[in-house]
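As the structure is a computational prediction, the values presented were derived from the model and not from experiment. Every number for a ligand or one of its atoms is a count from 1 in the order of the listing. Each residue takes its place number in the sequence, starting with 1.
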Amino acid sequence: MSKAITLQCFAKINLFLEIVGLRPDRFHEVVMVLQSIDLADTVQITTHREIAIRCDHTQVPTNEENIAYQAAQVMQKALGRKDGALIEIGKKIPVAAGLAGGSANAAAVLVGLNLLWDAGLTVRELEKLAQALGSDVPFCVDGGTSLAVGRGEILSPLLSFKGIPLVLAKTQNLGISTAWAYKTYREQYGEAKPVHASNLPILLSGLVHHDLARITKHLYNDLERVVLPEHPAVAYLKQRMSEAGASGVMMSGSGPSVFGLCANENQARSVLSKISQEDQEQFLCHTSDAGVVVCS
Ligand code: ATP
């Protein structure tokens, strides 16, 4: 008899992203503050002869290129299993948007197969397996608020910063490849590191004290330096969100998503109504402390 499990996996935003060097393996050394938000995909996993993917979003591959497929392969290998899983993904998280949607799906497969196959791996063991799949996948397993260094896979959990309203928006039909953003950054800045306007200690102290004014003043993302000149629509969206009254506005990851942290629900609703337009996806969300949640 087949067994099934349904999970929700949450998107992330970057409150902070600074590139601090290039590693010998050609990945960038980064310092990030990652934050889960309550915008989630649904992943249903059913026991199956082989690995198979179904997805309701046309831009998402359903073969080995899907990172959720690769996550199932990683679990097969780690646990020495030959059977597979049917993985059905319901997309709410915009694709190629700097929100780690694919990484979240992969994290859901790690958590889901661990339960479905009664493997008993701990969260730390799943995060370790997640490292092989991508820099954001370890964070997506447990979610919440974390300082991430290395390629982004070395995590230090921070105090919960749950429940802050935010408006999230992206221009429709605009996707940005993370690989392109980092490559362009490397080409433009190379070894000569630009002078940074970032101040991580103040952001971290803001997070410890839940001081939204301090946090919003010190949001930071190095990748804006390459994405904004290439995609004026992202710069324009940032400007509109600031003018609409969001307390702190920043691009997430390699974009094109832009988020605006708000002081309260009313402010968030007002920002959302002022920036809404047809050629744009927009959401009212909240910061969350969940990575992957089992629904049934
Ligand atoms: P990150 O912030 O982790 O770099 P992202 O949010 O910018 O990721 P994704 O939504 O993960 O980007 O998608 C990046 C690309 O990966 C897409 O263009 C898509 O073709 C491919 N992809 C593979 N698997 C998935 C998946 N499960 N969901 C979404 N995209 C996927």
Side-chain angles (χ1 to χ4, degrees), residues 7-17 19 27-28 30 32-37 39-45 51-74 85-112 130-141 143 146 148 151-153 155 168-185 221-224 226-227 231 234 250-259 281 283 285 291-292:
L7 311 104
Q8 278 202 308
C9 54
F10 292 80
K12 63 87 185 140
I13 54 171
N14 297 78
L15 299 178
F16 188 91
L17 190 166
I19 298 169
F27 279 100
H28 288 86
V30 291
M32 302 192 288
V33 176
L34 300 170
Q35 174 63 57
S36 299
I37 58 171
L39 176 66
D41 287 346
T42 304
V43 176
Q44 183 173 335
I45 309 175
I51 303 171
I53 304 273
R54 283 190 202 145
C55 183
D56 59 1
H57 194 298
T58 50
Q59 278 160 29
V60 174
T62 52
N63 55 14
E64 302 83 1
E65 281 173 37
N66 194 304
I67 189 170
Y69 189 108
Q70 295 160 21
Q73 287 179 316
V74 163
L86 171 62
I87 300 162
E88 294 171 278
I89 304 170
K91 273 277 169 202
K92 275 244 177 67
I93 306 173
V95 175
L99 300 170
S103 302
N105 297 165
V109 170
L110 298 179
V111 172
Q131 289 183 10
L133 291 161
S135 305
D136 286 337
V137 187
F139 170 76
C140 290
V141 171
S146 272
R151 286 166 49 193
E153 84 288 12
L155 302 170
L168 182 73
K170 79 168 270 286
T171 305
Q172 229 156 30
N173 303 323
L174 174 61
I176 295 178
S177 141
T178 306
W180 170 85
Y182 277 98
K183 182 169 157 279
T184 309
Y185 187 93
N221 186 344
D222 257 340
L223 292 175
E224 285 196 345
V226 290
V227 174
H231 298 286
V234 181
M250 187 58 45
M251 183 180 83
S252 182
S254 51
S257 296
V258 168
F259 65 88
E281 294 174 75
F283 309 87
C285 312
V292 176

Checking [X] side chain against [Y] main chain: does a donor-acceptor pair fall under 3.5 Å?
{"X": "Thr42", "Y": "Gly90", "result": "no"}
{"X": "Gln70", "Y": "Glu64", "result": "yes"}
{"X": "Ser177", "Y": "Ala179", "result": "yes"}
{"X": "Asp56", "Y": "Lys91", "result": "yes"}
{"X": "Asn14", "Y": "Ser252", "result": "no"}
{"X": "Asp222", "Y": "Ile19", "result": "yes"}

Hey, does Ser257 have a side-chain heavy atom less than 4.5 Å from the side chain of Ile13?
no
Considering only heavy atoms from C-beta outward, does the side chain of Ile93 approach that of Phe10 to under 4.5 Å?
no
Considering only heavy atoms of [X], which atoms of ligand 1 have at least one such atom less than 4.0 Å away?
{"X": "Lys12", "answer": "2 (O)"}
{"X": "Gln59", "answer": "20 (O)"}
{"X": "Ser103", "answer": "3 (O)"}
{"X": "Leu99", "answer": "2 (O), 6 (O)"}
{"X": "Lys91", "answer": "28 (N), 29 (C)"}

For [atom], find the nearest protein heavy atom and state the residue, atom name and distance (0.1 Å precision).
{"atom": "atom 23 (C) of ligand 1", "result": "Glu65 O, 3.6 Å"}
{"atom": "atom 17 (C) of ligand 1", "result": "Val95 CG1, 3.7 Å"}
{"atom": "atom 4 (O) of ligand 1", "result": "Thr178 OG1, 2.6 Å"}
{"atom": "atom 11 (O) of ligand 1", "result": "Gly102 N, 2.8 Å"}
{"atom": "atom 5 (P) of ligand 1", "result": "Gly98 N, 3.7 Å"}
{"atom": "atom 1 (P) of ligand 1", "result": "Asp136 OD2, 3.6 Å"}

Return yes when at least one protein heavy atom is under 4.0 Å from atom 20 (O) of ligand 1, and no when none is.
yes
Might you check, step by step, whether the distance between atom 15 (C) of ligand 1 and some protein heavy atom is under 4.0 Å?
no
Among all residues two or more places apart in sequence or in another chain, which pass the side chain to side chain contact (heavy atoms under 4.5 Å, CB included) test with Ala52?
His48, Leu86
Hits for side chain to side chain contact (heavy atoms under 4.5 Å, CB included) against Ser135, two or more places apart or cross-chain, chain-then-number order -> Arg151
Spacing of NE2 belonging to His231 relative to CE belonging to Met251, to within rounding of 0.5 Å
9.0 Å
Compute the minimum heavy-atom distance from [X] to ligand 1 and say whether it is under 4.0 Å.
{"X": "His57", "result": "no"}
{"X": "Gly175", "result": "no"}
{"X": "Gly253", "result": "no"}

Using a 4.0 Å heavy-atom threshold (strictly under), name the region of Asn105 that reaches ligand 1: side chain, backbone, both or neither.
side chain
Taking the minimum heavy-atom distance to [atom], which of [options] ranks first?
{"atom": "atom 2 (O) of ligand 1", "options": "Pro94, Ala68, Ala100", "result": "Ala100"}
{"atom": "atom 10 (O) of ligand 1", "options": "Pro61, Ser177, Ala96", "result": "Ala96"}
{"atom": "atom 24 (N) of ligand 1", "options": "Asn63, Ile67, Ile93", "result": "Ile67"}

Tell me, with the steps shown, if Leu99 and Leu168 meet side chain to side chain contact (heavy atoms under 4.5 Å, CB included).
CA-CA 10 Å; Leu99 300 170; Leu168 182 73; 3.9 Å; yes
